[in-house]
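Heads up: the structure comes next, in structure tokens.
Note: hydrogens, waters and symmetry copies are ignored here, and every other heavy atom, side chains too, is used.
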Amino acid sequence: MAGEFELIKRHFHYPVSHSVLGVGDDAALMQPRPGMQLAVSTDMLVAGRHFFADADPFLLGWKTAAVNISDMAAMGAEPRWITLALALPEADEAWVGAMARGFRDCCEAYCVDWVGGDTTRGPLNLCATIFGEVSPDKAVRRTGANHGDDLWVSGWPGMAALGLAHLQDRLELVSDWREACLERLHRPLPRVALGLALRGVASAMLDVSDGLCGDLSHILEASEVGAILDETLLPLEPLLAACKRTEAATKALLSGGDDYELLFAAPREQRGHVEAIGRHLELPLHRIGRILDKPGLWLQRGDGVAEALQAGGFDHFQTD
């Protein structure tokens with residue numbers, strides 16, 4: 001059985017493309033480009049809480065990198081460097097090798113240098129820290145949403161939640177859609193290009209990790225505003241096709257997580273610009289509601305009646 005340092009040497013030593021020094025010393029050396037600010041974020045994935053203990057290690061490696069890269073996308077920052085701290089119950093070299101390949105493949109797909117980390121023995125969990133760059137005053141924060149702004153979401157949020165429900169035997173998916181939902185759950189695609197394109201366009205933004213309504217509540221609280229979602233604008237089509245149940249599809253869209261799509265507000269006058277960005281990136285961008293000047297979150301039904309929505313999403317300390 002390989003020891004800690006042999007595992008690191010075999011599986012975590014990769015060349016870097018835009019770093020002064022990568023893995024192999026007491027610290028990595030990174031040089032931000034002139035005039036750029038650093039954006040830094042950390043996400044931890046814990047077995048039994050964020051993923052099944054028997055999860056495919058390659059896909060788990062990909063997802064660990066992806067959810068961190070997504071945080072850079074949500075700020076309109078360019079991801080540049082990442083580290084990975086890994087706790088393992090045992091030094092299973094085949095598992096580590098597959099996980100490392102998945103992690104590296106995701107990093108390479110988004111031009112991110114893997115520059116270090118740590119390994120130790122313990123309950124299975126992976127903790128990555130991502131570093132990015134953004135020009136001063138260009139980061140898109142949660143605090144800028146204003147009354148009258150449109151609310152938008154990218155892609156097809158809710159598909160990952162349907163995939164999870166299927167794995168937990170809570171929902172049967174149509175066979176033609178099953179793999180697509182599981183792919184969204186296991187191999188999310190950070191919307192980096194979209195985040196960069198929305199700098200100077202979006203007034204507030206984040207990525208949907210813990211559920212659309214729950215994550216939207218963070219924007220509303222930070223910006224001291226409210227919002228109303230339009231039921232007729234919600235992108236439910238693929239969810240309905242996948243599960244054939246309106247209630248389950250709507251719940252997945254509004255409260256399911258793990259999609260890592262971008263949810264953002266933008267001034268109404270930017271509507272044409274946002275639509276043009278979506279066409280250029282060949283990425284669906286859905287206008288789903290608008291920002292209000294009074295606190296609260298509502299859903300406007302097709303008959304025009306508005307009802308209050310609960311803003312809760314996934315809570316890491318909530319008991320099942």
Side-chain angles (χ1 to χ4, degrees), residues 16 18-19 22-23 27-33 36-46 49-51 60-87 99 102-118 125-144 154 157 160 187-199 202 204-212 214-219 221-223 257-264 313-317:
V16 292
H18 47 258
S19 306
V23 176
L29 298 176
M30 304 172 293
Q31 180 62 58
R33 289 169 291 187
M36 302 294 276
Q37 292 179 331
L38 276 179
V40 183
S41 181
T42 298
D43 263 312
M44 181 184 294
L45 277 71
V46 179
R49 193 60 177 165
H50 302 100
F51 61 90
L60 181 59
W62 175 283
K63 187 169 185 176
T64 302
V67 301
N68 280 270
I69 293 171
S70 180
D71 283 333
M72 295 295 102
M75 295 288 290
E78 182 181 350
R80 299 277 284 169
W81 306 279
I82 197 168
T83 65
L84 175 64
L86 174 67
M99 184 281 302
F103 192 88
R104 175 168 167 77
D105 278 7
C106 186
C107 290
E108 286 189 334
Y110 292 91
C111 300
V112 177
D113 276 356
W114 183 3
V115 295
D118 190 25
N125 75 84
L126 304 91
C127 182
T129 298
I130 184 85
F131 303 81
E133 292 179 331
V134 63
S135 299
D137 302 321
K138 293 296 185 181
V140 187
R141 305 184 183 188
R142 301 178 179 183
T143 55
S154 65
R187 196 163 180 161
L189 299 175
R191 303 302 188 186
V192 174
L194 176 60
L196 295 175
L198 288 172
R199 292 185 298 191
M205 183 163 63
L206 46 63
D207 61 341
V208 180
S209 57
D210 297 328
L212 191 150
D215 287 323
L216 174 56
S217 69
H218 302 315
I219 287 180
E221 181 179 358
S223 297
D258 261 359
D259 290 289
Y260 300 94
E261 296 291 352
L262 295 186
L263 175 65
F264 60 96
F314 179 76
D315 186 330
H316 295 84
F317 290 94

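Side-chain N or O atoms of Y110 include one that pairs as donor or acceptor with a backbone N or O of P190 at under 3.5 Å. Although no hydrogens or angles enter the test, the distance criterion places a donor-acceptor pair under 3.5 Å between the side chain of D259 and the main chain of A160. Between the side chain of D215 and the backbone N or O of D210, at least one donor-acceptor pair lies under 3.5 Å.
Residues Q31 and E133 share a closest heavy-atom pair of O-OE2, 4.2 Å. A pairwise comparison of heavy atoms in T42 and C127 identifies CG2-SG, 3.5 Å as the closest pair. For the pair L38 and W81, the tightest heavy-atom approach, listed with the atom from each and the gap, is CD2-CZ3, 3.8 Å. Scanning all heavy atoms of the two residues, the minimum distance from M36 to S135 falls at SD-OG, 3.7 Å. Smallest separation of non-hydrogen atoms from A65 and I82: CA-CD1, 4.2 Å. Taking every heavy atom of both residues into account, G76 and L196 meet most closely at O-CD2, 3.6 Å.
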Task: Derivation of the side chain to side chain contact (heavy atoms under 4.5 Å, CB included) call for L84 and M99 - done: CA-CA 11 Å; L84 175 64; M99 184 281 302; 3.9 Å; yes

Task: Stepwise side chain to side chain contact (heavy atoms under 4.5 Å, CB included) check, H218 with L206 - done: CA-CA 9 Å; H218 302 315; L206 46 63; 3.9 Å; yes

Open item on the list: D207 vs R191, test: side chain to side chain contact (heavy atoms under 4.5 Å, CB included). Steps then yes/no.
Closed with: CA-CA 9 Å; D207 61 341; R191 303 302 188 186; over 6 Å; no

Open item on the list: Go through it in stages, so that I can follow the logic: the residues are F264 and L198, the test is side chain to side chain contact (heavy atoms under 4.5 Å, CB included), and I'd like the CA-CA distance, side-chain angles, deciding distance and then a yes or no.
Closed with: CA-CA 9 Å; F264 60 96; L198 288 172; 3.7 Å; yes

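Taking OG1 from T64 and CG from L126, the interatomic distance works out to 4.5 Å, rounded to the nearest 0.5 Å. For the atom pair S154 OG and L194 CG, the distance stands at 5.5 Å (nearest 0.5 Å). Annotation: the span from W62 atom CH2 to I69 atom CD1 amounts to 8.0 Å, rounded to 0.5 Å. Annotation: the span from F103 atom CZ to L60 atom CG amounts to 10.5 Å, rounded to 0.5 Å. Taking OG1 of T83 as the start and CZ of F131 as the end, the distance is 5.5 Å to the nearest 0.5 Å. Rounding to the nearest 0.5 angstrom, the gap separating the NE2 atom in H50 from the CG atom in D258 is 8.5 Å.
Screening N68, V67, V40 for a side chain to side chain contact (heavy atoms under 4.5 Å, CB included) involving I130 leaves a single residue, N68.
Here D113 pairs with nothing under the salt bridge (Lys or Arg N to Asp or Glu O under 4.0 Å) rule; sequence neighbours left out.
With a 4.5 Å cut-off on side-chain heavy atoms, M75 and V134 do not count as touching. For the pair S223/R142, no side-chain contact is recorded, criterion being any heavy-atom separation below 4.5 Å from C-beta on.
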